[in-house]
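Below is one structure; the comments refer to it alone.
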Amino acid sequence: MRSVTYSMNVSLDGYIVGPDGDFNWTTPDEEVFRSWIDEIRHVGVHLLGRRLYETMLYWETADQDPSLDDSRLEWAALWKPLPKVVFSTTLSAVQGHARLASGSLAAEIEQLRAEPGAGDIAIGGARLATEAAALGLIDEYRVRVYPVLVGGGIPFFPRHERRVDLELVETRTFDSGIAYLRYRVAR
């Protein structure tokens, strides 16, 4: 069965976006960006909330930007054809290899797990991840912890009303001081 993963950059105090809505502190260096490329190679479909979808729209045409380096072009080549499912109550259409979700998050994940296909089911966006976590649908949490305290904003970890035990699967420390932590939900 395909794993459902939630992977984001996070400040040391646990936020993916600061109190002012800014996330410029997450700009990755080459080493960290390569780790994102390696991770996206194992994704079969990406589920996104509206805000993250709109942020990532840049990558649908980024391959036409002559200023991009080889790593960014490689990312664009992997991201653009990747199937995406967008959860939104305000969008009426999406672009590229994306489709609007037709069912609930649980129903979409159940359908994707039942379909033949390789690769993880990745979740992007804090609100979507909060819903998936509350439903017990996330199999792995992948965190790149940046050495910064932002003091508030949108938290990476949703508030749970239940305990979730995790097993450490992988760690890595980058030269920039960013730490990668990969945890599997203990079942």
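In this text the structure is predicted, and so the values were computed from the model without any measurement.
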* Under 6.0 Å from the six-membered ring centre of Trp36 and within 45° of its axis: does the NZ or CZ of Arg144 meet both? ->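 Positive - Arg144 is close enough to the ring of Trp36 and near enough to its axis.
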Any donor-acceptor N/O pair, [X] side chain to [Y] backbone, under 3.5 Å:
X	Y	result
Ser3	Thr5	no
Tyr146	Thr26	yes
Asp13	Leu149	no
Glu140	Tyr6	no
Asp120	Ala122	no
Arg184	Asp139	no

* Could you walk me through whether Val143 and Tyr180 pass side chain to side chain contact (heavy atoms under 4.5 Å, CB included), step by step? => CA-CA 6 Å; Val143 187; Tyr180 173 73; over 6 Å; no
Can [X] and [Y] be counted as an ion pair, charged N to O under 4.0 angstrom?
X	Y	value
Asp165	Arg163	yes
Arg113	Glu108	no
Arg127	Glu131	no
Arg142	Glu170	no
Arg72	Glu30	yes

Can you tell me how far apart [atom1] ([X]) and [atom2] ([Y]) are? Round to the nearest 0.5 Å.
X	Y	atom1	atom2	value
Ile109	Ser104	CD1	OG	9.0 Å
Leu82	Arg41	CG	CZ	12.5 Å
Asp69	Trp75	CG	CH2	13.5 Å
Trp25	Tyr15	CH2	OH	11.0 Å
Leu57	Leu48	CG	CG	9.5 Å
Ile178	Thr173	CD1	OG1	10.5 Å

Of all heavy-atom pairs between [X] and [Y], which one has the smallest distance, and what is that distance?
X	Y	value
Ala76	Ala62	CB-CB, 4.2 Å
Ala106	Leu135	CB-CD1, 4.1 Å
Gly125	Met8	N-SD, 4.4 Å
Phe33	Pro28	CD1-CG, 3.7 Å
Ala132	Ile123	CB-CD1, 3.4 Å
Tyr53	Ala98	CE1-CB, 4.2 Å

* Please walk me through it: do His46 and Val85 pass side chain to side chain contact (heavy atoms under 4.5 Å, CB included)? -> CA-CA 6 Å; His46 209 292; Val85 180; over 6 Å; no
* **Side-chain donor-acceptor contact under 3.5 Å, Arg172 with Ser35** =>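 Arg172 vs Ser35: no donor-acceptor pair found between side chains.
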* Asked: Glu31 and Ser176: side-chain donor and acceptor closer than 3.5 Å?
  ->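 There is no such pair between these side chains.
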* Would you kindly confirm whether Val169 and Leu166 end up in one hydrophobic cluster when ILVMFWY residues are joined by side chain heavy atoms under 4.5 Å apart? =>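 Unlinked, Val169 and Leu166 end up in two clusters.
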* Asked: With the 4.5 Å side-chain cut-off for hydrophobic clustering, are Leu168 and Tyr141 part of the same group?
  ->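 In one cluster with Leu168: Tyr141, yes.
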* **Leu91/Glu54 under side chain to side chain contact (heavy atoms under 4.5 Å, CB included): CA gap, chis, key distance, verdict** => CA-CA 10 Å; Leu91 294 176; Glu54 289 175 341; 3.7 Å; yes
* Asked: Asp63: what forms a salt bridge (charged side-chain N to carboxylate O under 4.0 Å, His left out) with it, not counting sequence neighbours?
  ->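 Applying salt bridge (charged side-chain N to carboxylate O under 4.0 Å, His left out) to Asp63 gives Lys80.
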Are more than 12 heavy atoms, taken from residues, nucleotides or ligands other than [X], located less than 6.0 Å from that residue's [atom1] atom?
X	atom1	value
Phe23	CZ	no
Gln111	CD	yes
Arg51	CZ	no

* Asked: Is there a side-chain contact between Leu47 and Leu112, using heavy atoms and a 4.5 Å cut-off?
  ->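 Heavy-atom side-chain distance check passes, below 4.5 Å.
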* To do: In sequence, state the C-alpha distance, the side-chain angles, and the governing distance for Ser67 and Asp65, and then conclude on side-chain hydrogen bond (donor to acceptor under 3.5 Å, both in side chains).
  => CA-CA 5 Å; Ser67 70; Asp65 183 346; 2.7 Å; yes
* Sequence-distant partners of Glu60, side chain to side chain donor-acceptor pair (under 3.5 Å), two or more places apart ->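 If we apply the side chain to side chain donor-acceptor pair (under 3.5 Å) test to Glu60, skipping adjacent residues, the hits are Lys84.
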* To do: Give the C-alpha distance, both sets of side-chain angles, the deciding distance and a yes or no for side chain to side chain contact (heavy atoms under 4.5 Å, CB included) between Trp79 and Met56.
  => CA-CA 9 Å; Trp79 179 260; Met56 297 301 287; 3.8 Å; yes
